[in-house]
Protein chains: 2
Amino acid sequence: MSMSFYTADSLKAELHERGWRLTPQREIILDIFQNLAAGKHLSAEELCDLLQTEGHDISLSTIYRTVKLMARMGILRELELAEDHKHYEINQPHHHHHHLICVRCNQTIEFKNDSVLKIGDKTSKKEGYHLLDCQLTIHAVCPACQRSILPV
Amino acid sequence: MSMSFYTADSLKAELHERGWRLTPQREIILDIFQNLAAGKHLSAEELCDLLQTEGHDISLSTIYRTVKLMARMGILRELELAEDHKHYEINQPHHHHHHLICVRCNQTIEFKNDSVLKIGDKTSKKEGYHLLDCQLTIHAVCPACQRSILPV
DNA sequence: ATTTAAAAGAGAGTTATTCTCAATAAGGCT
DNA sequence: AGCCTTATTGAGAATAACTCTCTTTTAAAT
Ligand SMILES: [Mn+2]
Ligand SMILES: [Mn+2]
Ligand SMILES: [Zn+2]
Ligand SMILES: [Zn+2]
């Protein structure tokens, strides 16, 4: 979890470090995530739609490639909030938080807890791993779903 | 995270509570997970193979249905250890642990931490959620993969 | 300006997982 | 012990998220 806020220049620097390039597409996608309201999470499809409403036609292929790249760089967090597709959000230490998810309706609540990141730091350091992200995921059944008697 | 160890009878009881049935397939699959070596995680395909070597022909459909059912009941934990398929392990409070995963080679290290479950309990209780599972997942790059210069 | 290779776009391909539906069997009841 | 209801299984088809392939474009080093 290296940087906290990326400018076009700092993203460019990190990409160049690895022999990669800064493209308009990457810059635009990063910008979307940095300006996303707190608590919002985007799937690849949702990101594609949002880009289109803002007048940016970026192909789904590029979107999938970019979010994966940024997750592997530690810039985005990859979240398993739903059954069949991933969600992404920006990864910024000072907004570091966790997710409480209802396994039936997927309603998600974010919460903060300072000790979790400490545990992640300590554990990865101890094993010699380079930390990218550290997330506590709570799977549970929300009050509304507890009341309903639907299957599982 | 209700029970710690299931017998055929206690599984039957929990199923019947919801109008469901105890089948030989469910009993056998639960048995596999309860006797799995610590640190082992099974995908649906791996579980299918393992069942076959033990002389049990259970269809893939049933396997997928059963692990999902048991995860939603809180009996199994659903883990995202690899990119393209899920893994499962038994969910027992006294063996409660977490995972440090290399995002490049998927090597996984298990570790324990008592405070994490407390955070999960407190948070879900506060929101009125019924806790099923609570897992801290650390995404990182292992020492070996840090040395290699391969793409992402 | 030229060159080189990384990246984008379009669409085909892959595959884990789910769905459908006919056949089976769990468990309640008598 | 047999009957009945309906949850569950098994087989294979269907789905859809995601990846791959290949051509074209373009970032950026020289
Ligand atoms: Mn979030
Ligand atoms: Mn484990
Ligand atoms: Zn719910
Ligand atoms: Zn590795």
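The figures here come from the full heavy-atom set of this structure, side chains too, leaving out hydrogens, waters and symmetry mates. Order of the sequence lines sets the chain letters (A, B, ...), proteins ahead of strands, with each chain counted from 1.
- Straight-line distance from the CD1 atom of I28(B) to the C1' atom of dT9(D): 13 Å, rounded to whole Å.
- For dG28(C), one of the phosphate oxygens OP1 or OP2 lies less than 4.0 angstrom from a side-chain nitrogen or oxygen of H16(B).
- Nearest nucleotide to the Q25(B) side chain, out of dA28(D), dG10(D), dT18(C): dG10(D).
- With distances taken from any side-chain atom of L22(B) to the nucleotides dA17(D), dG27(C), dA8(C), the minimum falls on dG27(C).
- Looking at heavy-atom distances under 4.0 Å, T23(A) makes contact with sugar-phosphate atoms alone, never a base.
- With rounding to whole Å, L42(A) atom CG is found 15 Å from dA17(D) atom P.
- A salt bridge is absent between K40(A) and E46(A); no separation between the charged side-chain nitrogens and carboxylate oxygens falls under 4.0 Å.
- Comparing E83(B) and R26(B) along DNA chain D, the residue whose closest nucleotide (by nearest heavy atom) sits nearer the 5' end is R26(B).
- Nearest nucleotide to the S61(B) side chain, out of dG12(D), dT9(D), dA29(D): dG12(D).
- For dA26(C), the OP1/OP2 oxygens have no side-chain nitrogen or oxygen of K12(B) closer than 4.0 Å.
- Residue L60(A) is out of contact with every strand shown, counting any heavy-atom pair closer than 4.0 Å.
- Side-chain contact between N113(A) and L136(A) is absent, with no heavy atoms from C-beta onward closer than 4.5 Å.
- E46(B) places its CD atom 16 Å from the C1' atom of dT17(C), with the value rounded to the nearest Å.
- R72(B) places its CZ atom 14 Å from the P atom of dT17(C), with the value rounded to the nearest Å.
- Considering only side-chain atoms of E45(B), the nucleotide from dA16(C), dA7(D), dA17(D) that sits closest is dA16(C).
- A donor-acceptor pair shorter than 3.5 Å cannot be found between the side chains of Q146(B) and H130(A).
- Following rounding to the nearest Å, Y64(B) (OH) and dT9(D) (P) show an atom-to-atom distance of 16 Å.
- Among dT9(D), dA11(D), dA28(D), the nucleotide with an atom closest to any side-chain atom of R21(A) is dA28(D).
- In the set dG9(C), dA11(D), dA27(D), the nucleotide with an atom closest to the side chain of S59(B) is dA11(D).
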- Start with the C-alpha distance between H87(B) and H85(B), add both sets of side-chain angles, then the distance that settles ring pair (Phe, Tyr, Trp, His ring centres under 6.0 Å), and finish with yes or no. CA-CA 7 Å; H87(B) 284 87; H85(B) 59 280; 4.9 Å; yes
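- Which of dT8(D), dT18(C), dT17(C) sits closest to the side chain of K86(B) comes down to dT17(C).
- To the nearest angstrom, P of dT17(C) lies 16 Å from CG of L69(B).
- Rounded to a whole Å, the CG atom of L15(A) is 12 Å from the P atom of dA29(D).
- In terms of position along DNA chain D, the nucleotide closest to H85(A) lies nearer the 5' end than the nucleotide closest to the other residue of the pair H85(A) and R65(A).
- A side-chain donor from one of H41(B) and E110(B) sits under 3.5 Å from a side-chain acceptor of the other.
- In this structure, F111(A) and H98(A) have tilted ring planes: the angle between them lies in the 30° to 60° band.
- The nearest whole Å value for the distance from the CD1 atom in I63(B) to the P atom in dA16(C) is 14 Å.
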